[in-house]
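What follows is a short report on a single structure.
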Amino acid sequence: MGVAIRRAREADREAVTRLLDEAFRDDPVSSWVFPGREARLVKHPLLMGAFLDVALSEGYVDLAEDGSAAALWLSVPAGEPEEPDDGPALMRQAVDPDNERVEAVGRLTAAAHPSERPHEYLMLIAVSPQRQGEGLGTALIQQVLERCDREGLPAYLEASSARSRGLYERLGFAFPGRTVDLPEGPPMWPMWREPRGGTASPES
């Protein structure tokens with residue numbers, strides 16, 4: 001059975017934020033950003049909402065029709081930004097001004113992000129814990145990857161766990177060989193996918 005997918009709208013913000021919070025609350029990176037459980041329960045939804053706002057305003061969000069899964073994407077052009085990216089600092093200010101780790105994640109991942117070629121960037125993908133293992137995440141990603149193949153576009157993401165890295169490898173993503181290492185925290189795995197039939201690396 002196929003997965004019915006639609007484009008999320010501003011009216012979906014509360015439900016999608018709740019889904020992201022539920023899916024990522026105990027993720028290794030989220031646990032590093034908010035090591036205290038009580039603080040995480042309060043602040044983590046704000047962080048997920050901030051990521052969602054970026055995707056809704058600057059990219060797009062694919063949502064399973066029943067609300068059980070969502071994927072946040074940005075279409076990234078080639079080239080370094082002309083001005084310094086203040087996004088990580090602004091996100092920290094909005095989410096948890098006293099927590100430098102909110103900003104650190106954004107700056108470290110931005111530093112590792114390939115800029116030589118235009119690509120689709122999977123910011124986050126969330127599946128309800130009650131629905132994991134049903135192929136919902138794969139269906140959401142595959143829809144965009146099929147378009148990437150048609151248009152000759154690469155895709156990029158950061159895996160936040162070894163388990164998710166394995167999933168993305170099965171979808172054709174490859175780890176270039178250098179992790180993003182959070183200070184005294186878990187690694188993240190940048191992963192790049194060439195369009196089907198392509199062989200170039202992100203550095204080419």
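Scope of the values below: all heavy atoms of this structure, side chains included, with no hydrogens, waters or symmetry mates.
Every residue two or more places apart in sequence or in another chain that forms a side chain to side chain contact (heavy atoms under 4.5 Å, CB included) with D181 is listed here: T179, P187. Residues satisfying the side-chain hydrogen bond (donor to acceptor under 3.5 Å, both in side chains) test with D27, not counting sequence neighbours, are S160. Remark: D66 engages S68, R131 in a side-chain hydrogen bond (donor to acceptor under 3.5 Å, both in side chains) (not counting sequence neighbours). Scored by the side-chain hydrogen bond (donor to acceptor under 3.5 Å, both in side chains) test, R165 finds E169 as partners (sequence neighbours excluded). R37 is linked by a side-chain hydrogen bond (donor to acceptor under 3.5 Å, both in side chains) to D26, counting only residues two or more places apart in sequence or in another chain. Residues that satisfy the ring-ring contact (aromatic ring centres under 6.0 Å, His included) test with F24, not counting sequence neighbours, are absent from this structure.
In this structure, Q143 places its CD atom where more than 12 heavy-atom neighbours from other residues, nucleotides or ligands lie under 6.0 Å away. E38 CD: 12 or fewer foreign heavy atoms inside a 6.0 Å radius. Annotation: E184, atom CD; neighbour count of heavy atoms from other residues, nucleotides and ligands within 6.0 Å does not exceed 12.
Using a 4.5 Å heavy-atom threshold, the side chains of I141 and Y168 count as touching. Within the 4.5 Å cutoff, side-chain heavy atoms of R7 are placed close to those of D62. In this structure, the side chains of F51 and L20 stay at 4.5 Å or more apart for every pair of heavy atoms. Counting only heavy atoms from C-beta outward, the side chains of L145 and Q142 approach each other to under 4.5 Å. For the pair V144 and Y60, the minimum side-chain heavy-atom distance is below 4.5 Å. Side chains of R13 and D53 form a contact here, defined as non-hydrogen atoms less than 4.5 Å apart. Residues V33 and K43 fail the side-chain proximity criterion, which asks for heavy atoms closer than 4.5 Å. Contact of the R40 side chain with the S31 side chain is registered, since non-hydrogen atoms from C-beta on lie closer than 4.5 Å.
Criterion: ILVMFWY side-chain heavy atoms under 4.5 Å apart, direct or through other members. Under it, L153 and L157 are not part of a common hydrophobic cluster. The cluster map of Ile, Leu, Val, Met, Phe, Trp and Tyr, joined by side-chain heavy atoms under 4.5 Å apart, puts V102 and V105 in the same cluster.
Atoms CG and CG, on L63 and L140 in that order, are 8.0 Å from each other to the nearest 0.5 Å. For the atom pair R150 CZ and R196 CZ, the distance stands at 10.5 Å (nearest 0.5 Å). For the atom pair OH of Y156 and CE of M191, the computed distance is 10.5 Å after rounding to the nearest 0.5 Å. Atom CG of residue L108 and atom CD of residue E158 lie 10.5 Å apart, to the nearest 0.5 angstrom. Rounded to the nearest 0.5 Å, atoms OG (S128) and CG (L136) are 9.0 Å apart.
Taking each heavy atom of F175 and P190 in turn, the nearest pair found is CD1-O, 3.3 Å. Considering every non-hydrogen atom in both C148 and P154, the closest pair reads SG-O, 4.0 Å.
A salt bridge is absent between E100 and R107; no separation between the charged side-chain nitrogens and carboxylate oxygens falls under 4.0 Å.
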